[in-house]
There are 2 protein chains.
Amino acid sequence: MVEALRANGLKVTHQRTEIIREIVQTKDHPDVETICRRVRGRIPAVSLDTVYRTISALFERGLINRIMVDAKRARYDADVTRHNHFVCDTCGRIVDIDSTGRGGCRASDKLSEVGVVERVEVLFRGKCIHCVADQE
Amino acid sequence: MVEALRANGLKVTHQRTEIIREIVQTKDHPDVETICRRVRGRIPAVSLDTVYRTISALFERGLINRIMVDAKRARYDADVTRHNHFVCDTCGRIVDIDSTGRGGCRASDKLSEVGVVERVEVLFRGKCIHCVADQE
DNA sequence: ATTCGTGCAAACTTTTTGCAGAGTT
DNA sequence: AACTCTGCAAAAAGTTTGCACGAAT
């Protein structure tokens, strides 16, 4: 991934290396503030702006995914391969879901008249097992 | 829809009637500011807060849908029946797409271990015909 | 009459931006 | 050396909230 930085004309700084390490390591789709907090475990002086700028740069170049789950707070995913997400509306947890078989989703015929589809995002919303259990 | 207000213990005010009229009439999935601007054509004194509060109240009761397409600005849809959306990443246009056949989407088996799915949101992202044409 | 909604203003949160100094190629 | 990145602070944008008045039931 650090290679991808260079390939995209971005400079490889200490901060960026750690931000990338953090987002690649985790599978919990953190938001910017969470990434920042975690990176501060290793680089206490990182500023939130730097995390925003790094994440935006990576997203614009397609190196990470942005997941919009609630009205505020974007969340990010280092896995850019085709897959779907389950979102718990109670606790906010996001879990990766493989897209089965032929992509998981069929477009209606009307779609080609509307535009060119470059990406399909599937969000399963509901309540995760932990929150279902807590409810009782 | 105005009936649904009463059924949910919400008072039927002049502002709410017009806000609902506006969002039901249009199919372009407007954001709060757009709804407010349009309602002002008929009630010049509506405040943006009132639109926010009305829209939130409707959304919380499941009477309208919220669509998160970009990092800022939620967009709303009075159609709460099962359907998908095409989003143009260039101009922001959102077009309704019927979900074909058996719901349009199959979940992987893993899903039932993760939680209970209450809703599935499918977003087709790409470039709409207008933006493809403008590009040339 | 009671309860809820509205408008105003201000607060809050998330994200973006200008700038001077430091780091990377 | 050139250019970009960082951190600080301040600003911008979207959304929420406290309060007093007005409207709906």
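Chain identifiers are assigned alphabetically (A, B, ...) following the order of the sequence lines, protein sequences preceding nucleic acid strands; residue numbering begins at 1 within each chain.
An OP1 or OP2 oxygen of C/dC4 is reached within less than 4.0 angstrom by no side-chain nitrogen or oxygen of B/T13. Residue A/S56 places at least one side-chain N or O under 4.0 Å from the OP1 or OP2 atom of C/dT16. Between B/R53 and C/dT6 there is no side-chain N or O to OP1 or OP2 distance below 4.0 Å. Remark: A/Q15 is in phosphate contact with D/dG7, judged by side-chain N or O atoms under 4.0 Å from OP1 or OP2. Taking only side-chain nitrogens and oxygens, B/T54 never comes nearer than 4.0 Å to OP1 or OP2 of C/dG5. Within the 4.0 Å cut-off from OP1 or OP2 of D/dT15, at least one side-chain nitrogen or oxygen of B/Y52 is found. Close to C/dT6, at under 4.0 Å from its OP1 or OP2, lies a side-chain N or O of B/R16. For D/dG7, one of the phosphate oxygens OP1 or OP2 lies less than 4.0 angstrom from a side-chain nitrogen or oxygen of A/T50.
With rounding to whole Å, B/I35 atom CD1 is found 14 Å from D/dT15 atom C1'. Rounding to whole angstrom units, CZ of residue A/F59 and P of C/dT15 are separated by 12 Å. Here the C1' atom of nucleotide C/dT14 and the CZ atom of A/R75 are 15 Å apart, to the nearest Å. If you measure from atom NE2 of A/H14 to atom P of C/dT25, you get 13 Å, rounded to the nearest angstrom. The distance between atom CD1 of B/I55 and atom P of C/dT6, rounded to the nearest whole Å, is 12 Å. Between the CG atom of A/D49 and the P atom of C/dG18 there is a distance of 13 Å, given to the nearest Å. Protein atom CD1 of A/I20 is 12 Å distant from nucleotide atom P of D/dC5, rounded to whole Å. The separation between A/L5 atom CG and D/dT4 atom P is 15 Å, rounded to whole Å.
B/R16 contributes atom CZ, which lies 12.0 Å from atom CE of B/M1 (distance to the nearest 0.5 angstrom).
Among the atoms of the strands shown, none is found under 4.0 Å from any heavy atom of A/A71.
You'll find that the side chain of B/R6 is closest to D/dT25, out of C/dT17, C/dT14, D/dT25.
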Discussion item. What verdict does the salt bridge (Lys or Arg N to Asp or Glu O under 4.0 Å) test give for A/E113 and A/K110, after you've listed the backbone C-alpha separation in whole Å, the side-chain angles of each residue and the deciding distance to 0.1 Å?
Written reply: CA-CA 6 Å; A/E113 302 163 21; A/K110 190 191 162 196; over 6 Å; no

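Each of B/D31 and A/L10 was assigned the nucleotide of DNA chain D with the nearest heavy atom; the assignment lying further toward the 5' end belongs to A/L10.
In terms of modelled atom types and a separation under 3.5 Å, the side chain of B/R125 and the main chain of B/V69 share a donor-acceptor contact.
Taking 3.5 Å as the limit, the base of C/dT24 and the side chain of A/K11 contain a donor-acceptor pair of atoms between them.
Cation-pi geometry between B/R66 and B/F59 is met: under 6.0 angstrom from the ring centre, within 45 degrees of the axis.
Looking only at atom types and distance, the side chain of B/H83 has a donor-acceptor partner in the side chain of B/D96 under 3.5 Å away.
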